[in-house]
A.B. asks: 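Input: one structure, supplied below.
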Amino acid sequence: MQLNRDELKRAWRTMLTIRAFEERVEKEFADGTIPGFAHVYLGQEASGTGVCFDLTDDDQIGSTHRGHGHCIAKGCEVEGMFLEIMGKAGGICGGKGGSMHIADMDKGMLGANAIVGGSPPIAVGAALTQKLRRTGHVAVAFTGDGASNQGTTLEAMNMAVVLKVPMIFVFENNGYGEFTSAEYSVGAKSLSERAAAFGMPAASVDGGDFFAVHAGMREALEHVRDGNGPYALETRCSRFLGHFVGDPQKYRGSEELAAARTNDPVLRFRDRVSEAALLAIEELNAIETEVRARVDAAAAAARAAALPDLATLETDVYVKY
Amino acid sequence: MQLNRDELKRAWRTMLTIRAFEERVEKEFADGTIPGFAHVYLGQEASGTGVCFDLTDDDQIGSTHRGHGHCIAKGCEVEGMFLEIMGKAGGICGGKGGSMHIADMDKGMLGANAIVGGSPPIAVGAALTQKLRRTGHVAVAFTGDGASNQGTTLEAMNMAVVLKVPMIFVFENNGYGEFTSAEYSVGAKSLSERAAAFGMPAASVDGGDFFAVHAGMREALEHVRDGNGPYALETRCSRFLGHFVGDPQKYRGSEELAAARTNDPVLRFRDRVSEAALLAIEELNAIETEVRARVDAAAAAARAAALPDLATLETDVYVKY
Amino acid sequence: MPVISYRKAINQALEQEMARDARVILMGIDVGGGAGGSGDVGSVGGVMGVTKGLYPKFGSDRVIDTPISESAIIGAAAGAAVTGMRPVAELMFVDFIGVCFDQIYNQAAKFRYMFGGKARTPLVIRTMGGAGMRAGAQHSQTLHPILTMVPGLKVVMPSSPYDAKGLLTRAIRDDDPVVFLESKSLYDVKGEVPEEAYEIPFGEANVLRDGRDATIVAFGAMVPRAVAAADLLAKEGVKVTVLDPRTTSPLDEEAILDSLDETGRLVVVDESPPRCSLAADIAALAVSQAFDALKAPVGLVTCPHTPVPFAPNLEDAYVPSVARIVEAVKKTL
Amino acid sequence: MPVISYRKAINQALEQEMARDARVILMGIDVGGGAGGSGDVGSVGGVMGVTKGLYPKFGSDRVIDTPISESAIIGAAAGAAVTGMRPVAELMFVDFIGVCFDQIYNQAAKFRYMFGGKARTPLVIRTMGGAGMRAGAQHSQTLHPILTMVPGLKVVMPSSPYDAKGLLTRAIRDDDPVVFLESKSLYDVKGEVPEEAYEIPFGEANVLRDGRDATIVAFGAMVPRAVAAADLLAKEGVKVTVLDPRTTSPLDEEAILDSLDETGRLVVVDESPPRCSLAADIAALAVSQAFDALKAPVGLVTCPHTPVPFAPNLEDAYVPSVARIVEAVKKTL
Ligand SMILES: Cc1ncc(C[n+]2csc(CCOP(=O)(O)OP(=O)(O)O)c2C)c(N)n1
Ligand SMILES: Cc1ncc(C[n+]2csc(CCOP(=O)(O)OP(=O)(O)O)c2C)c(N)n1
Ligand SMILES: [Mg+2]
Ligand SMILES: [Mg+2]
């Protein structure tokens, strides 16, 4: 299960792309170039990266309102994503979707989802397709601690067990759903224990550690691909920023906020990989430079891009009406 | 926890009333005097009776499509119930509700419910009222094995734990939701284990045994009334008839069907109580005669009763519009 | 031509399309007929027997019994559709839409638009509606207005065995999400239905009676009543056109407007409470686009603004009757 | 009179009614403001700050943060209402109605009728709707038509701070379930609002402009636009009446019909897709009950039959604009 150098570089590139993308989103949002609101994934990079690392374009994920990281980890291009988030022509969804509705079917990215608990039932269906077609591929539903209490999520767990579909429920537990702590909102002892009681194996890993998430997913994939039905993986994460960009987070104490920042998945990966001399710090830095340049260029290009043609307002409602 | 003679008589009377009522419903349905469809409670009498035995009119229950037994156990009058089920004037709900919508607020009966999973959220609210008013009273939500998979039921469990309301989730597991077996539809090891994983104590009792159900409820009530939040009680029952009156039940093998009949809560109660000489067989029989006479008279009166006045079609939509 | 029931016509469309296309799967509560039981699984085929015989024929991979979890049923069907299957999900009674509506209108119906045209969601939701079964307030609604208003959905209301088969075949072959609303009071109605598969296109009204005195527009179970009303009126010398748009979305506006050009008088029969109803929708079409043709107030024959009552006499008074339709037409003359 | 925002007006009504009546409780996601956090719980007061300050004042028994479980939120509120409390439940965005609709239309709204008049359900569901925040297809809908059609529900759409306070006060004191639909684009709009509590009755339209050339009926966030259109038209010498029914159910039909008697020309402005909309509903009222008064086709100014797009220019084109209202009125002249 040791990753080779290319794999490590790929993981680093993905995590950094998410980091750079979200930092840029934060900045663009402050500049007013991103309409609406933005929920960024800062602090959770290792979770999405680790979960998607061994997935192919033929495996599918359903995502959440906090979906940028999932998109990037699943292979969506940052150029199209920035265009989309800024509501521009050429965006991944033609500017019609926005931050909470990025999807890229060719990459197996079935959509961010602005309805909390919206994705798990859909992912059950994707997994059903995989099962019926005997592809060996899987579907993953990302949900948060908050979303874990939504009826749709809970019944999707039972449905997945009953239909024995190759699906992984990933619970990214960042401790908060909006302003309310998971300590309060989740009555169960833990998300993974509750999931296990639905009749599937469940594990909980340090979501700030790419290697832990990746190892957890390996086990999950093994179980799921063997036709044993679904699996649940909780990744315990830190949410660096507030619920949305601009949330002052007074409901979190300053100590807690400071502590969250210390569990930085990007720094932890860098330290671990360089200390173990798996990759040289120069290699890591070179990738960082390249990634940041690409992200910045994508953002700048998106800023300058045109809005969608007004004629598109009424297209794409139906394949044919 | 030993019941005295009066209490035993009360339990017997309740169970028998349910039995006689439902047998009469079966017959009336065959006669065509009951419109629509009827889901009877035959075989589950001990469950509703045991659950409601220590409840007062100020405790509340939310029920299901199979609600006649719950209504009777909670104190609704069979006269009004027959009128209601036959859609007659003077019915408990003026003939507007029917079998699946019998309610009697004065008795703490918040309604049968034709939506599977409809009652648990409502019962959480009733329990919230009890909690906020510090009454010491409780709310009970009845659900079946089938209903246990509905998202509304599942999220109500978490909500009840989080709000720490005095509520009892009663899962009447009769092995089937319509035609589908619980073995298939419930992915969890057991209903009570899944409920426990939500963060509340849960127990499972023999629902064919009044004494087991009653003892289970005593524990549940103790926990709940002490302000410890909700409790889950699974009662394992037999469904004598099909999902609705007239269902030929081909999906159940003949052995299973025969076995179901052997676990007869009414016979078991009679045997146990008479064998232990707690009540004489003559006493039991006298009550039976009386109960059956009352039920038969109620049904006959309801048959003869008038339909509701057409003017009531548009009343009772609002308190004031 | 064989004469079969509306129920059988639906069953036939399902069977033929499943045989034709391996991507077509059924899922829902008891559509197979009792998974996990100790007896004869597949003996039932749905609570109304509509899918009977399909489980024995196609097996548990294609006829999937589910737990009672409608959000997961519809959501899974949507997810399967968007990844390449062509699921037909059953929402037993349309009344249950409230526990899964999000997966219909926010998810399946919006995928394509939100994703800039990238998604294709060939999903059919079969469900049944309507009063008359003495099933009470939570099992007797129609609710087609809240479906019709959803951009991205198509909504079908078949009124005869022939239409049921042809429209369902079309729905299954369609690449957009379709809600197929069966009228439970029509299941036992019989009519001529070709043995072989055929499609009825969406958005094309059926003209059941042709007359120049007035136009009646009716949907689903109200169509036979509108026809009965027209026949009664014909005996009195009043000749009315009866239009069944067959799909409420898309709506054959042209057929309605053309007919109004001829008749100038409109009655809409809609089995639903009056507010924001399909009756209102058609009336609005008329008064916004055929104003000059209109010679009289539009007659709206709907249910009252109340839940569906249980008592048989109340329920009968609740649903638009032939007599009320006749009266409404006369009022426009 | 104090000048406060629409947001503050709602907050004030909540605070005053909670102070007046101990049975009034609030529940919903983050309405308290972050239960269980290590910081200053109660610092927020809902995602839009509407309930700010109420948690510190009334405590966790009366301002109840909940998990993200809307069926349980609305259902629990309905259950609390029917057992004697007067809950105000928040459904954050009306777009989320799909995950809890059953508890609204099949449960709370039907209790009274199904139970033969025995239940009393003084429940208020506060929720917000409307486009303009660049929030995308699942956070920008209005959905009032599907609420308006439900027998047993009352539906309120306040268009100003004054109305918001008076109508919410009325809603909380009302004995029936009420959906109180706030327009998120109006939260920062300011207006004169009396300090003390007052009620605005349901079913009474507000006349914002009085003119005899045409009638504009508008709801919620469309009301200011209708007024702006009227003022522009006035400059050209066209005098229109602007009616804001304030509640869509009950609807002040009389006010609309009376105005049509005078003007004979009607434009309805409705921020929703066109099918089975409130626009259609009002047009149907006109053509069924004021046919003789009507002098021109009814103008329907609605959104297109599409989900709400995200891109700012598309979203702006989506919502009925002042220009489109002006144009629609001119077309009727
Ligand atoms: C059905 C629904 N309810 C509420 C919301 C509002 N909302 C958006 S994100 C969110 C919190 C979700 O928390 P969690 O699942 O923990 O995800 P996180 O934001 O922490 O990534 C809420 C309440 C919503 N979008 N959909
Ligand atoms: C939301 C919803 N889905 C489906 C149904 C149809 N239905 C009525 S009862 C029932 C089975 C319920 O099973 P269970 O909870 O085990 O109760 P039981 O009938 O065994 O008492 C079903 C599927 C319904 N009424 N409501
Ligand atoms: Mg979270
Ligand atoms: Mg059962």
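Nothing here was measured: the structure is a model prediction, and the numbers come from that model. Only heavy atoms go into these numbers, but all of them, side chains included; no hydrogens, no water, no symmetry mates. Chain naming here is simple, since letters A, B, ... match the order of the sequence lines and numbering starts at 1 in each.
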A.B. asks: For the pair C:His305 and B:Tyr318, name the ring-plane relationship: parallel under 30°, tilted 30 to 60°, perpendicular over 60°.
C.D. replies: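 Parallel: the ring planes of C:His305 and B:Tyr318 meet at under 30°.
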A.B. asks: Check B:Leu313 against C:Pro304 and note the closest heavy-atom contact, atom names and distance.
C.D. replies: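 Heavy-atom minimum between the residues: CD2-CG, 4.2 Å.
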A.B. asks: C:Glu70 versus chain B, heavy atoms under 4.5 Å apart: side chain, backbone, both or neither?
C.D. replies: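 Both backbone and side chain.
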A.B. asks: Of all the heavy-atom pairs spanning C:Phe310 and B:Glu84, show the shortest one and how long it is.
C.D. replies: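 The pair with the smallest heavy-atom distance is CE2-O, 3.3 Å.
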A.B. asks: Starting at NE2 of C:His139, measure out to CE of B:Met100 and round the result to the nearest 0.5 Å.
C.D. replies: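 The CE atom of B:Met100 is 4.5 Å from NE2 of C:His139, to the nearest 0.5 Å.
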A.B. asks: Got a second to check how far B:Lys250's NZ is from C:Ser43's OG, nearest 0.5 Å?
C.D. replies: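 That separation rounds to 6.0 Å.
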A.B. asks: With a 4.5 Å limit on heavy-atom distance, are the side chains of B:Asn113 and C:Gln138 in contact?
C.D. replies: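 They are in side-chain contact.
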A.B. asks: Chain C heavy atoms under 4.5 Å from B:Leu83: which part of the residue, side chain, backbone, both or neither?
C.D. replies: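 Neither part, no heavy atoms under 4.5 Å.
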A.B. asks: Return the option, out of B:Leu154, B:Thr153, B:Thr180, with the maximum number of heavy-atom pairs under 4.5 Å with chain C.
C.D. replies: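 The residue among B:Leu154, B:Thr153, B:Thr180 with the greatest pair count is B:Thr180.
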A.B. asks: Highest number of heavy-atom pairs under 4.5 Å with chain B: which of C:Ser71, C:Gly34, C:Gly36, C:Gly33?
C.D. replies: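 Highest number of heavy-atom pairs under 4.5 Å: C:Gly34.
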A.B. asks: Take atom NZ in B:Lys189; do more than 12 heavy atoms of anything else shown fall under 6.0 Å from it?
C.D. replies: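 No, NZ of B:Lys189 has 12 or fewer neighbouring heavy atoms, counting only those of other groups under 6.0 Å.
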A.B. asks: Is the backbone of B:Pro308 close enough, under 3.5 Å, to the side chain of C:Asn313 for a donor and an acceptor to pair up by distance?
C.D. replies: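 Indeed, once roles are kept as given, a pair shorter than 3.5 Å links the two residues.
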A.B. asks: At a heavy-atom distance under 4.5 Å, which candidate from B:Val116, B:Asn149, B:Thr315 has the highest pair count against chain C?
C.D. replies: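 Answer, by heavy-atom pair count under 4.5 Å with chain C: B:Asn149.
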A.B. asks: How many angstroms lie between atom OH of C:Tyr318 and atom CG of B:Leu310, to the nearest 0.5 angstrom?
C.D. replies: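 Rounded to the nearest 0.5 Å, the OH-CG separation comes to 15.0 Å.
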A.B. asks: Rounded to the nearest 0.5 Å, what separation is found between the OG1 atom of C:Thr306 and the NZ atom of B:Lys96?
C.D. replies: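 C:Thr306 OG1 to B:Lys96 NZ: 8.0 Å, rounded to 0.5 Å.
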A.B. asks: Flag the pair B:Phe179 / C:Asp65 as yes when at least one side-chain heavy-atom distance between them is below 4.5 Å, and no otherwise.
C.D. replies: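 Heavy-atom side-chain distance check fails, nothing below 4.5 Å.
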A.B. asks: To the nearest 0.5 Å, what is the distance between CD1 (B:Ile115) and CG (C:Asp95)?
C.D. replies: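 CG of C:Asp95 is found 6.5 Å from CD1 of B:Ile115.
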A.B. asks: Does the side chain of B:Val317 reach to within under 4.5 Å of the side chain of C:Pro307, using non-hydrogen atoms?
C.D. replies: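 Of all side-chain heavy-atom pairs linking C:Pro307 with B:Val317, at least one is under 4.5 Å.
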A.B. asks: How close do B:Gly87 and C:Pro312 get, counting heavy atoms only, and between which atoms?
C.D. replies: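 Minimum heavy-atom separation between B:Gly87 and C:Pro312: O-CD, 4.3 Å.
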A.B. asks: So which of C:Leu314, C:Asp40, C:Asp30 has the biggest tally of heavy-atom pairs under 4.5 Å with chain B?
C.D. replies: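 When all of C:Leu314, C:Asp40, C:Asp30 are compared, C:Asp30 has the most.
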